[in-house]
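Comments concern the structure below.
The shown structure was predicted, so the numbers you read here are calculated from the model rather than taken from an experiment.
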Amino acid sequence: MTRAAFGIPAMGLATPLGKDRATVARALFAGSRDGLVPRDDLIPGRTVRVGAVADPLPPIPAALEPLGSRNNRLMLAALEPIADAVGAAASRFGRDRIGVVLGTSTSGIAEGEEAFAALRRDGSWPPGFHYRRQETGALADFVARVLGLTGPAYTVATACSSSGKAFASARRLIAAGLCDAVVVGGADTLCRMTVGGFTALEAVSADLCHPFSANRDGITVGEAAAAFLLTREPAPIQLLGVGESSDAHHVSAPDPEGQGAERAMRAALEDAGLAASDIAWINLHGTGTALNDSMEGKAVHRIFGSTTPCASTKGMTGHTLGAAGACEAAFLWLALSAEDNPDGLLPPHVWDGVADPAIPPLALTGPGARLDGPLADPRARAAMLSNSFAFGGSNVALVLARGDWS
């Protein structure tokens, strides 16, 4: 039997694949790499591929200009499709009963980089720059102000698991009776610090990333935002389970056998009351680094064997870091949505097709892959799992589902 499900009635996103549901769904199920573009302004003397959001972003409201940053503008774009649902929840429950829990790792660091460059060049900070733009907590504060919400509002910053863990925090607020609904998600933005940091770790791919390939040579860094409304009430798409764990194995390397990743996935299944065989598709963390893909492949194979369909979507978006958990939860949402995916398509695993014999075999989905059997009916119940793993061994797995699992 499953535990209590939490409804996710609304979702919005801004990704390298687009910033409206229909556009993103088309690109996602087609395996598009159009959002992975070359940039020569992030690493001195080097051109790198990055996952960039090309769509125009909404402006920062004038009253909130001290919090103006690309990170917050990305989140504004993701908020637009859920604003009506949030407003309806606020009218019903009260604005003090709606929380905001978001994940990020960059916040407005890109604006801080530009401001510091101006300081070195001109001897003074640029007019209008405010340090609050790059504070880690700025994202949740900004969203609460934009939406006029007065419930609990805070940011989770656990590197690449940040916005996945935001779902766990948001659910706890509702379960504890502190909120009736929570705006949950995350955003991260391309900046020199993160691209330079991963380059210094020799973890950035020479070109496009190829998760789980024998030829993989690192990540492609990306940017994205995704926002959801999470409630206790039923909705077509639900959060069924959350699993968290901590490796504490190494500051930047995962446990090589994937024990922490395995614990997170098993905890998510137990929390949802599901067996491994109930999962129709797995969104792999799949960064394209040697250590992550090796350990995740071992952990997934131990739980799910070699027949459960799975893929890393980072071959299409790049690794969106603190936004990855929310962005990839949004991809699950689209895959489960009868409206957005009536044909039961699955995101393909985009890579060079050269399997690593050192990684246990996985059922990586190819172009045109679909849910089969009874799951092909978009009204049939289905459950999917998404992994997010971070430096320091901060792991989270989410189970989203459609249909009645009670």
Check your understanding: Does CG belonging to Asp84 count more than 12 external heavy atoms closer than 6.0 Å?
Key -> no
Review point. Is any side-chain N of the basic residue among Lys19 and Asp55 closer than 4.0 Å to the acidic one's carboxylate O?
Key: no
Exercise for review: Would you check if Ile98 and Leu147 make a side-chain contact, meaning some heavy-atom pair closer than 4.5 Å?
Suggested key: no
Exercise for review: Taking all heavy atoms of Cys191 and all of Ile109, pick out the closest pair and write down the distance.
Suggested key: SG-CG2, 4.1 Å
Check your understanding: So, Arg97 side chain and Gly151 main chain: donor-acceptor pair closer than 3.5 Å or not?
Key -> no
Practice item. Verify, without hydrogens or angle tests, whether Arg216 (side chain) and Ala290 (backbone) share a donor-acceptor contact under 3.5 angstrom. Key: yes
Check your understanding: Within the distance-only criterion (no hydrogens, no angle test), does the side chain of Ser163 pair as donor or acceptor with the backbone N or O of Gly325 below 3.5 angstrom?
Key -> yes
Practice item. State whether the side chain of Ser312 and the backbone N or O of Gly286 hold a donor-acceptor pair below 3.5 Å, judged by distance alone. Key: yes
Check your understanding: Do the side-chain N and O atoms of Thr320 and Asp188 include a donor-acceptor pair separated by under 3.5 angstrom?
Key -> no
Point to revise | Partner of Glu65 under salt bridge (Lys or Arg N to Asp or Glu O under 4.0 Å), chosen from Arg132, Arg145, Arg73, Arg133 | key: Arg133
Practice item. Just do the side chain to side chain contact (heavy atoms under 4.5 Å, CB included) check on Leu76 and Phe142 with the steps written out, would you? Key: CA-CA 9 Å; Leu76 270 182; Phe142 174 77; 3.7 Å; yes
Exercise for review: Check each of Thr317, Asn283, Thr15 against Glu328 using the side chain to side chain donor-acceptor pair (under 3.5 Å) test, and report the only one that passes.
Suggested key: Asn283
Practice item. Could you tell me whether the side chain of Ser205 reaches within less than 4.5 Å of the side chain of Arg49, counting heavy atoms only? Key: no
Point to revise | Derivation of the ring pair (Phe, Tyr, Trp, His ring centres under 6.0 Å) call for Phe6 and Phe167 | key: CA-CA 10 Å; Phe6 289 73; Phe167 279 86; over 10 Å; no
Point to revise | Sub-4.5 Å side-chain heavy-atom contact between Thr365 and Cys310 | key: no
Check your understanding: Do Phe391 and Leu201 have side-chain heavy atoms sitting under 4.5 Å apart?
Key -> yes
Exercise for review: Can you label the angle between the His285 ring and the His319 ring as parallel, tilted or perpendicular, going by 30° and 60°?
Suggested key: perpendicular
**Study point:** Gly315 versus Cys209, closest heavy-atom pair with distance
**Key:** CA-SG, 4.0 Å
Revision key, fill the gap. Shortest non-hydrogen pair, Leu346 vs Phe29, comes out as C-CD2, 3.8 Å
Exercise for review: Identify the two heavy atoms, one from Val156 and one from Ala166, that lie closest to each other, and give their separation to 0.1 Å.
Suggested key: CG2-CA, 4.2 Å
Review point. His349 vs Trp351 aromatic rings, parallel, tilted or perpendicular, using cut-offs 30° and 60°?
Key: perpendicular
Review point. Considering only heavy atoms from C-beta outward, does the side chain of Ile43 approach that of Phe198 to under 4.5 Å?
Key: no
Practice item. For the residue pair Asn71 and Ser69, confirm or rule out a side-chain donor-acceptor distance under 3.5 Å. Key: no
Exercise for review: Identify whether the distance between the nearest side-chain nitrogen and carboxylate oxygen of Glu233 and Arg92 falls below 4.0 Å.
Suggested key: yes
**Study point:** Nearest heavy atoms of Ser169 and Val101, plus distance in Å
**Key:** CB-CG1, 3.8 Å
Check your understanding: So which of Asn387, Thr158, Asp247 actually passes side-chain contact (heavy atoms from CB on, under 4.5 Å) with Asn395?
Key -> Asp247
**Study point:** Residue pair Val184, Leu102: steps toward the side chain to side chain contact (heavy atoms under 4.5 Å, CB included) verdict
**Key:** CA-CA 5 Å; Val184 62; Leu102 303 170; 5.6 Å; no
Check your understanding: Do the charged groups of Arg263 and Asp255 touch, with an N to O distance under 4.0 Å?
Key -> no
Exercise for review: Can you spot which of Val300, Leu385, Thr313 makes a side-chain contact (heavy atoms from CB on, under 4.5 Å) with Leu284?
Suggested key: Val300
Point to revise | Ion pair check, Glu244 and Arg172, cut-off under 4.0 Å | key: yes
Practice item. Check whether any side-chain heavy atom of Arg70 sits under 4.5 Å from a side-chain heavy atom of Glu111, and report yes or no. Key: yes
Exercise for review: Locate the shortest heavy-atom distance separating Leu149 from Ala90; write the atom from each residue and the value.
Suggested key: CD2-CB, 4.3 Å
